[in-house]
Amino acid sequence: MCKSWNSLISDRSFTRKHLSLSTTRRLHSAAYEHKPDGLVHNSYPLESVLSTKVKQQRLPFNSILASCDGILCLCDKRKAFVALWNPSIRKFKELPPFKNTRILNRVYMTFGFGYDRVSDNYKVVVLYYSESNLLDTTKVKVHTLGTNFWKTSESFRFGAVCYEQPGTYVCGTINWMAYTEWTRKGPLFIVSFDLGNDSYQKLLPPDHTEISPDYLTLSVLRDCLCLISDHHIWVMKEYGIQVSWTKLFSFSCIQDPTKDYSLSNALYIFEDGQLLLEILDDWKTKWIVYDPNNDTFMVTRFTNILNVCLETLISPCS
């Protein structure tokens with residue numbers, strides 16, 4: 001009986017069907033160290049952010065870059081280590097190194113992870129640039145789940161990406177904020193990498209005076225690309241169409257002149273319209289639940305960087 005059940009839940013058509021029906025989401029934070037059983041993981045029901053009784057284990061650092069279809073992408077940038085993990089089925093896959101770790105000194109890198117609808121597979125993308133070589137360009141490597149190598153893709157020729165932020169997956173693409181100049185003084189835009197054909201597209205942010213060029217963050221809310229600028233959140237209702245940018249709300253309740261507040265991430269929208277948001281309070285990370293209906297928020301007990309992940313049967317070891 002166990003073998004037949006295992007065979008069923010491992011069948012690709014069954015796991016894809018289960019994925020299409022899955023609605024359960026959990027909060028995850030994780031850190032990974034290079035030692036046996038080195039994964040330190042916290043998992044919580046999504047609704048626990050609404051409770052004042054939840055205590056969170058503080059991790060030394062957080063290594064979750066992104067999630068897609070129940071699979072978390074973990075990374076240790078100091079060692080160019082990348083792994084894929086589905087906590088629902090406890091399947092873990094360490095990827096081959098994409099670069100010789102002995103030459104990682106002064107290398108900037110950013111990762112993205114998502115589903116390629118063309119090949120019906122998952123891919124990890126890394127963009128990296130060596131500060132020690134001023135003539136160097138940003139290099140791009142792509143790993144396809146099920147292979148044991150990284151493919152070198154077309155070099156990135158869009159200036160500089162925001163290496164502090166991981167890529168945001170939406171609609172079969174991975175998206176980064178980018179600048180036309182390495183000094184970050186040039187115009188801001190979004191560069192989109194299509195996982196299906198390894199091509200790039202340049203997307204423009206909303207044409208609005210409220211878009212601050214100082215610090216922009218990309219996220220995804222209800223399968224739409226999301227742009228956070230100062231205290232404003234915009235969503236691109238039709239991916240790739242600039243005129244479809246729509247302001248979701250302005251987070252006015254944190255504009256307290258006595259506090260150095262800034263809105264830094266938008267993680268999830270609940271069914272009742274409340275949002276799980278990350279703010280920086282004097283450079284300390286706080287997760288809050290914000291109700292745009294009455295412009296109020298509640299500070300949660302969570303402090304680690306979190307990720308919302310579906311519960312699925314998709315294996316990262318395929």
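Throughout, residue positions are numbered sequentially from 1 according to the sequence presented.
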Test log, rule side-chain contact (heavy atoms from CB on, under 4.5 Å), inputs V82 and F113: CA-CA 11 Å; V82 188; F113 171 61; over 6 Å; no
L27 vs V308, side-chain contact (heavy atoms from CB on, under 4.5 Å): CA-CA, chis, key distance, verdict: CA-CA 5 Å; L27 291 167; V308 174; 3.7 Å; yes
Residues L276, W287; criterion side-chain contact (heavy atoms from CB on, under 4.5 Å); working and verdict: CA-CA 7 Å; L276 178 57; W287 288 96; 4.1 Å; yes
From CA spacing to verdict: side-chain hydrogen bond (donor to acceptor under 3.5 Å, both in side chains), Y115, D120: CA-CA 7 Å; Y115 175 67; D120 186 25; 2.4 Å; yes
Trace of the side-chain contact (heavy atoms from CB on, under 4.5 Å) decision for L275 with L248: CA-CA 11 Å; L275 295 101; L248 188 61; 4.1 Å; yes
Side-chain polar contacts of residues 17-25 - donor-acceptor pairs under 3.5 angstrom, sequence neighbours left out - could you list them?
residue : atom : partner : partner atom : Å
S20     : OG   : K17     : O            : 2.6
S22     : OG   : E311    : O            : 2.6

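Residues forming a side-chain hydrogen bond (donor to acceptor under 3.5 Å, both in side chains) with S67 (at least two apart in sequence, or on another chain): N307. For T110, the side-chain contact (heavy atoms from CB on, under 4.5 Å) partners two or more places apart in sequence, or in a different chain, are L127, V161, Y163, W176. For K151, the side-chain hydrogen bond (donor to acceptor under 3.5 Å, both in side chains) test picks out D198, with sequence neighbours left out. Here N148 pairs with nothing under the side-chain hydrogen bond (donor to acceptor under 3.5 Å, both in side chains) rule; sequence neighbours left out. Residues that satisfy the side-chain contact (heavy atoms from CB on, under 4.5 Å) test with N197, not counting sequence neighbours, are D194, S199. Applying the ring pair (Phe, Tyr, Trp, His ring centres under 6.0 Å) criterion to F149, with sequence neighbours excluded, gives no partner residue. Among residues two or more places apart in sequence or in another chain, the side-chain contact (heavy atoms from CB on, under 4.5 Å) test is passed with T168 by L218, V220, L225. Not counting sequence neighbours, the partners of C171 by the side-chain contact (heavy atoms from CB on, under 4.5 Å) test are R117, Y239. Listed by chain and number, the residues in a side-chain hydrogen bond (donor to acceptor under 3.5 Å, both in side chains) with S153 amount to none (sequence neighbours excluded). With sequence neighbours excluded, the residues satisfying ring pair (Phe, Tyr, Trp, His ring centres under 6.0 Å) with Y200 are F156, F158, F193.
Between the side chain of N86 and the backbone N or O of S315 there is no donor-acceptor pair closer than 3.5 Å. At least one donor-acceptor pair closer than 3.5 Å links the side chain of S219 to the backbone N or O of A266.
F249 CZ to N293 CG: the interatomic distance, rounded to the nearest 0.5 Å, is 11.0 Å. Taking OH from Y108 and CD from E164, the interatomic distance works out to 9.0 Å, rounded to the nearest 0.5 Å. Interatomic distance, L72 CG to I64 CD1, rounded to the nearest 0.5 Å: 5.0 Å. Note that CD1 of I314 and OG1 of T15 are 4.0 Å apart. Values are rounded to the nearest 0.5 Å. We find the SG-CG distance between C73 and L95 to be 7.0 Å, quoted to the nearest 0.5 Å. The distance from the NZ atom of K91 to the CD1 atom of I89 is 6.5 Å, given to the nearest 0.5 Å.
Using a 4.5 Å cut-off between side-chain heavy atoms of Ile, Leu, Val, Met, Phe, Trp and Tyr, V118 forms no hydrophobic cluster with any other residue.
Of the candidates D69, D116, T144, D69 is the only one forming a side-chain hydrogen bond (donor to acceptor under 3.5 Å, both in side chains) with Y122. Considering E278, Q165, K286 in turn, E278 is the only one that fulfils the side-chain hydrogen bond (donor to acceptor under 3.5 Å, both in side chains) rule with S264.
The shortest heavy-atom contact between G112 and I174 is C-CD1, 3.4 Å. Nearest heavy-atom pair across T173 and S192 is CB-OG, 3.4 Å. The two atoms that bring I233 and C226 nearest to each other are CG2-SG, 3.5 Å, heavy atoms only. Between M236 and C224, the closest heavy-atom pair is O-CB, 3.7 Å. The two residues W234 and K247 make their nearest non-hydrogen contact at CE3-N, 3.5 Å. The two residues G240 and L203 come nearest to each other via the heavy atoms CA-CD2, 3.8 Å.
Here the side chains of L195 and V125 are in contact, with some heavy-atom distance below 4.5 Å. Under the 4.5 Å side-chain criterion, counting only non-hydrogen atoms from C-beta, Y290 is in contact with D295. V49 has its side chain within reach of F302: a pair of non-hydrogen atoms, C-beta onward, lies under 4.5 Å apart. Residues H232 and S250 form a side-chain contact, since some pair of their non-hydrogen atoms from C-beta on lies under 4.5 Å apart. With a 4.5 Å cut-off on side-chain heavy atoms, T300 and I288 do not count as touching. Side-chain contact check for L277 versus N265: every heavy-atom pair is 4.5 Å or farther apart. S29 places none of its side-chain heavy atoms less than 4.5 Å from the side chain of H41. Residues L74 and F92 meet the side-chain proximity criterion, which asks for heavy atoms closer than 4.5 Å.
No more than 12 heavy-atom neighbours from other residues, nucleotides or ligands sit within 6.0 angstrom of CG on D223. The environment of R90 atom CZ is sparse: at most 12 non-hydrogen atoms of other residues, nucleotides or ligands sit within 6.0 angstrom.
V243 and V235 fall into different hydrophobic clusters, where Ile, Leu, Val, Met, Phe, Trp and Tyr residues are linked whenever their side-chain heavy atoms come under 4.5 Å apart, directly or through other members.
Using a 30° and 60° split on the angle between ring planes, W150 and H143 fall in the tilted class, from 30° to 60°.
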